[in-house]
Structure formats: C-alpha cells, structure tokens
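What you see below is based on every heavy atom in this structure, not just the backbone, and it leaves out hydrogens, waters and symmetry mates. Whatever order the structure lists ligands and atoms in, that order sets their numbers, starting from 1.
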Amino acid sequence: MDEDRTARRLRVVGKESAADGVVTVTLADPDGASVPAWEPGAHIDLVLGDMTRQYSLCGDPADRTSLRISVLREPNGRGGSIHVHDKLEVGDLVEIGGPRNNFALTDASSYLFVAGGIGITPLLPMLRRVHERGASWQLLYGGRNLASMAFAAELAARYPGRVHLRPQDERGLLDLGAALDEAAPGVAVYCCGPEPLLQALESECRDRDGLTLHTERFAAKEFETAASGAFEVELARTGAVVQVGESESVLDALCRSGVDIEFSCREGTCGTCEVAVLGGEPEHRDSILTEDEQRAGDVMFVCVSRSRGPRLVLDL
Ligand SMILES: Cc1cc2nc3c(=O)[nH]c(=O)nc-3n(C[C@H](O)[C@H](O)[C@H](O)COP(=O)(O)OP(=O)(O)OC[C@H]3O[C@@H](n4cnc5c(N)ncnc54)[C@H](O)[C@@H]3O)c2cc1C
C-alpha cells in the first residue's frame, strides 16, 4: 500500500483506561480533516517531547475521523510511555509520523493470532478484517492476569468461540504447540508480544511445514555479534562513497556526509530507515525482517545493520 508519510499534528480527543497500566488514546485532526489511511498492522510515530515512540494503530481502518492507540506504562523505560500516561491530556496537540506498516496482513484461508499483553494492539484491526472477510481464525491471548489484558472482555464477547484468553495467574503459559497442532495446513500465524513469547513461537514453528509466521517486535532483539570492522557504502544514485567507521552506524555515517535520510528509533524496530541494497551483503541486526527476508539481502535498516564485506551499494 502507499503509506502516507507526512508528519502532522493531531489533537488528543480521548484518553481512557483499557486495562491495568494501559491507556487508549484517540487522536483526530484539529480541523476535522480525515486522518491518514492505514491498514491492519500499521503503527505511527508519536513525538513526545524530545522522544519519538512507535504505537500500533488499534482502531478501525475504515474510520477516517480518528486514530486509536493503546499504550502500556513501562515503569523501567526511558520515559515515552510514562509521558503518554502522565502528561498527555485531552485537548493536547501531538505530532505524529507515518503510518508505516512492517506487519502487513497477507491473504490466507486461515489465521492463528497469538498476543502477549500489549501485543494485542496490532492484532485488533487484523481480527476485524479477517472476520469481515469470513476467513477461519483463532486468537490465543495471554497476559499476566485478566485485569492487565486490554480489550479481553470486549473481544471474548464480540467473537465467541474464537478468542482464547489465557491469564497466566489462572492458566499458566500459552500452549503454543497445541494451538499449532490444531491449526489448518497453510495457516498464517501472526504474533506480537514479549520477546520470550516470540522466541518460543519461532522455535515451535521452525520445524513445522505449511505455515507462515509473521511477528512484530515492540523492543529490539539482543544480538551477540562479533565486532564489525570499517567498510564503505557506495550511494548508487550519485556514485559518492561514504566511509563507515567500526564504531559508527551506517546511518550516522550517511548523516555525517549530508545524505538526507528518514529515521526514528535507531534500534532496528520501527522500519523508518529502510534502504534498498543493490550490491554487497548486509549483516542484518534489525528486529523486523524474517530470516528469509534477511537472506534475500535486498533491503536493510541502516540504523543498526552493517556489511559483511568491504562495500555495500545502497539505493541512495
Ligand atoms: C512497531 C512498534 C509498535 C509498537 N506499538 C506499541 C503499542 O501499540 N503499545 C505500546 O505500549 N507500545 C508499543 N511499542 C513500544 C513503544 O514504542 C515504546 O517502546 C514503549 O512505549 C516504551 O517506551 P518507553 O520510552 O517508556 O520505554 P523504552 O525505554 O523504550 O523501554 C522499552 C523496554 O525496554 C526496557 N528498557 C529500557 N531501558 C532499559 C535499560 N537501560 N535496561 C534494560 N531494559 C531497558 C524497558 O523496561 C521496556 O520494557 C511499539 C514499538 C514498535 C517498534
């Protein structure tokens, strides 16, 4: 889809609790114009003082009067979510960027959605969409306890028989193996949640044929990578060559050389700095691409990824 990438100011027109530690914020154009179009799986950048954070759109894409996000309070974070919880008020103007979609819904005859905690947010519009299409689907939704699981009661009431709530204090961890055993051949599996859940599902899916796994990470994966040396980047559109030092990112080297490039998270989670690779072999350190996409080597996220060889050629 064409993404509307203009930065714009929206007004906070609603803010309400969605669960313990989770607030839902509704944003609308201050002059009543339509909000940007988006598809299930998309997120926006939200500018919060001197921080920018990404939030999945969890409302209805058909509603062009407002955008909705739900934010978990992260007491040990750097302050973005606390800003949303404690400072953002109805009536405030906030700058947003995007929408951008690294987690697009593909066509499949059946779907298994797996959510852990606040990871329910990008899945909400997906459930709506596949239900409207009449596809077969199930949702496995885990959380610490029921009170912390945003939209749980609403989902169970709206989609009886399809939503399986698994609060950990009552039901233990999600039985991913059983859910995959019961899934139909060709199932598309969509998962968003904390890293241990994503890793458990990736490992369960690795040895199973006939399914496709799509994941969204809200926080960067940890990489155990050996130090990578210096290399150079050729900019295909101008022929210019930029040296990347061993302790600087490709993004920093590009910015230092005056290349105009969009970026946001600087940790390989938001996807803003995606660049097409025309030559050389990237060493991927992002938390977005699947293993197959990484192997294809035709795009990279320059805020974190590097080069396996002495030179990369980028479509810049
Ligand atoms: C595509 C995308 C979509 C997202 N959608 C949502 C959404 O719908 N809802 C939502 O609530 N969040 C979402 N996020 C996460 C969101 O962008 C923020 O990361 C989140 O709100 C926390 O921001 P923060 O500044 O409070 O904490 P951050 O500093 O960004 O902390 C994030 C996590 O890292 C840990 N952490 C931070 N600093 C340290 C440290 N020094 N040592 C150890 N651990 C640390 C924190 O405990 C926390 O768990 C999304 C992220 C992405 C990339």
Side-chain angles (χ1 to χ4, degrees), residues 3 5 12 15-27 38-61 67-88 94-105 113-127 141 143-144 148-152 155 190-199 214-223 262-274 285-290 301 303-304:
E3 288 169 335
R5 303 274 304 284
V12 177
K15 184 177 177 188
E16 63 205 34
S17 169
D20 281 356
V22 180
V23 286
T24 294
V25 175
T26 308
L27 304 166
W38 59 280
E39 289 289 311
H43 67 266
I44 54 169
D45 290 337
L46 191 63
V47 180
L48 302 160
D50 56 1
M51 294 170 280
T52 300
R53 294 288 182 270
Q54 287 69 44
Y55 293 103
S56 301
L57 293 168
C58 62
D60 179 358
L67 297 176
R68 200 165 72 145
I69 57 171
S70 290
V71 178
L72 173 68
R73 185 186 187 92
E74 295 267 12
N76 301 320
R78 290 162 294 179
S81 62
I82 289 177
H83 186 112
V84 173
H85 276 255
D86 295 352
K87 299 218 171 102
L88 209 58
V94 282
E95 192 176 317
I96 69 145
R100 173 180 301 282
N101 200 339
N102 304 324
F103 193 41
L105 189 62
F113 297 100
V114 181
I118 195 61
I120 191 66
T121 51
L123 303 183
L124 289 176
M126 294 188 179
L127 306 182
Y141 180 11
R144 281 191 326 280
S148 71
M149 294 168 62
F151 310 108
L155 286 169
Y190 280 80
C191 179
C192 184
E195 189 60 31
L197 171 65
L198 289 159
Q199 283 187 15
H214 308 260
T215 56
E216 173 107 301
R217 284 180 158 79
F218 283 179
K221 279 196 261 190
E222 285 189 12
F223 287 91
E262 266 196 282
F263 61 91
S264 178
C265 71
R266 287 186 168 272
E267 54 185 27
T269 54
C270 77
T272 310
C273 67
E274 178 174 353
R285 296 184 180 185
D286 65 87
S287 304
I288 301 170
L289 298 177
T290 62
F301 299 94
C303 66
V304 286

(request) Considering non-hydrogen atoms only, spot the tightest contact between Lys15 and Val84 and give its length. (result) NZ-O, 2.9 Å
(message) Between Arg144 and Asp20, does any side-chain N to carboxylate O distance fall below 4.0 Å?
(response) no
(request) Enumerate the atoms of ligand 1 whose separation from the nearest heavy atom of Arg217 is less than 4.0 angstrom. (result) 53 (C)
(request) Ignoring hydrogens, tell whether any protein atom lies closer than 4.0 Å to atom 48 (C) of ligand 1; use the non-hydrogen atoms only. (result) yes
(request) Please work out whether any backbone atom (N, CA, C, O) or any side-chain heavy atom from C-beta onward of Leu72 is under 4.0 Å from ligand 1, and answer side chain, backbone, both or neither. (result) both
(request) Heavy atoms only: give me the nearest Leu127-Phe113 pair and the separation to one decimal. (result) CD2-CD1, 3.3 Å
(message) If you compare all heavy atoms of Thr121 against all heavy atoms of Cys58, which two are closest, and at what distance to 0.1 Å?
(response) O-CB, 3.4 Å
(request) Run down the list Val23, Thr269, Thr121, Asn76 and name the one with the heavy atom closest to atom 38 (N) of ligand 1. (result) Asn76
(request) Considering the heavy atoms of Arg78, write down every atom of ligand 1 situated less than 4.0 Å from one of them. (result) 24 (P), 25 (O), 27 (O), 28 (P), 29 (O), 30 (O)
(request) Let me know which of Leu67, Ile69, Val25 forms a side chain to side chain contact (heavy atoms under 4.5 Å, CB included) with Leu46. (result) Ile69
(request) For Val71 and ligand 1, answer yes if some heavy atom of the residue is under 4.0 Å from a ligand atom, otherwise no. (result) yes
(request) Answer yes or no for Ala219: is there a heavy-atom contact with ligand 1 below 4.0 Å? (result) no
(request) Go through Thr24 and Phe151 one step at a time and tell me if the side-chain contact (heavy atoms from CB on, under 4.5 Å) criterion holds. (result) CA-CA 10 Å; Thr24 294; Phe151 310 108; 3.7 Å; yes
(message) Under 4.0 Å from atom 12 (N) of ligand 1, can you find at least one protein heavy atom?
(response) yes
(message) Under 4.0 Å and counting heavy atoms only, is there anything from the protein next to atom 40 (C) of ligand 1?
(response) no
(message) For atom 22 (C) of ligand 1, what's the nearest protein heavy-atom neighbour? Residue, atom name and distance, please.
(response) Glu74 CG, 3.7 Å
(message) Could you measure the distance from the OG1 atom of Thr269 to the CZ atom of Phe301? Nearest 0.5 Å is fine.
(response) 10.0 Å
(message) Can you report which non-hydrogen protein atom sits closest to atom 24 (P) of ligand 1, along with the distance?
(response) Gly80 N, 3.5 Å
(request) Note the single closest protein heavy atom to atom 9 (N) of ligand 1, along with its residue, its atom name and the distance in Å. (result) Ser70 O, 2.9 Å
(request) Name the closest protein heavy atom to atom 23 (O) of ligand 1, giving the residue it belongs to and the distance to 0.1 Å. (result) Arg53 NE, 3.4 Å
(message) Closer than 4.0 angstrom, basic N to acidic O: yes or no for Arg217 and Glu195?
(response) yes
(request) Could you find the nearest protein heavy atom to atom 20 (C) of ligand 1 and give me its residue, atom name and distance? (result) Tyr55 OH, 3.8 Å
(message) If the cut-off is 4.0 Å to any non-hydrogen atom of Ser81, which atoms of ligand 1 fall inside it?
(response) 21 (O), 23 (O), 24 (P), 25 (O), 26 (O)
(request) Indicate whether atom 32 (C) of ligand 1 is within a distance of less than 4.0 angstrom of some protein heavy atom. (result) no
(message) With heavy-atom distances below 4.0 Å as the criterion, list the atoms of ligand 1 near Glu216.
(response) 1 (C)
(request) Heavy-atom contacts with Ile118 under 4.0 Å: which atoms of ligand 1 show up? List them by number with element. (result) 9 (N), 10 (C), 11 (O)
(request) Looking only at non-hydrogen atoms, find the nearest pair between Gly268 and Ile288 and report the distance. (result) O-CG1, 3.5 Å
(message) Could you go through Leu57 and Ile44, starting from their C-alpha distance and side-chain angles, then the distance that decides it, and tell me whether this counts as side-chain contact (heavy atoms from CB on, under 4.5 Å)?
(response) CA-CA 7 Å; Leu57 293 168; Ile44 54 169; 4.0 Å; yes
(request) Pull out every atom of ligand 1 sitting under 4.0 Å from any heavy atom of His43, numbered as shown with elements. (result) 1 (C)
Listing, residues 47-55 side-chain donor-acceptor contacts under 3.5 Å, not counting sequence neighbours, or none:
from  : atom 1 : to     : atom 2 : distance (Å)
Gln54 : NE2    : Asp45  : OD1    : 2.9
Gln54 : NE2    : Ser264 : OG     : 3.1

(request) Could you tell me whether atom 44 (N) of ligand 1 has at least one protein heavy atom nearer than 4.0 Å? (result) no
(request) Output all residues satisfying ring pair (Phe, Tyr, Trp, His ring centres under 6.0 Å) with His214, sequence neighbours left out; order by chain, then residue number. (result) Tyr190
(request) Output yes when a protein non-hydrogen atom is found under 4.0 Å of atom 26 (O) of ligand 1, and no otherwise. (result) yes
(request) Would you check, one step at a time, whether the test salt bridge (Lys or Arg N to Asp or Glu O under 4.0 Å) holds for Arg78 with Glu267? (result) CA-CA 14 Å; Arg78 290 162 294 179; Glu267 54 185 27; 3.8 Å; yes
(message) Any protein heavy atom at under 4.0 Å, with atom 3 (C) of ligand 1 as the reference point?
(response) yes
(request) Provide the closest heavy-atom pair for Tyr141 versus Ala150 in the form atom of the first, atom of the second, distance. (result) OH-O, 2.8 Å
(request) Among all protein heavy atoms, pick out the one at the shortest distance from atom 52 (C) of ligand 1; state its residue, atom name and that distance to 0.1 Å. (result) Gln54 CB, 3.6 Å
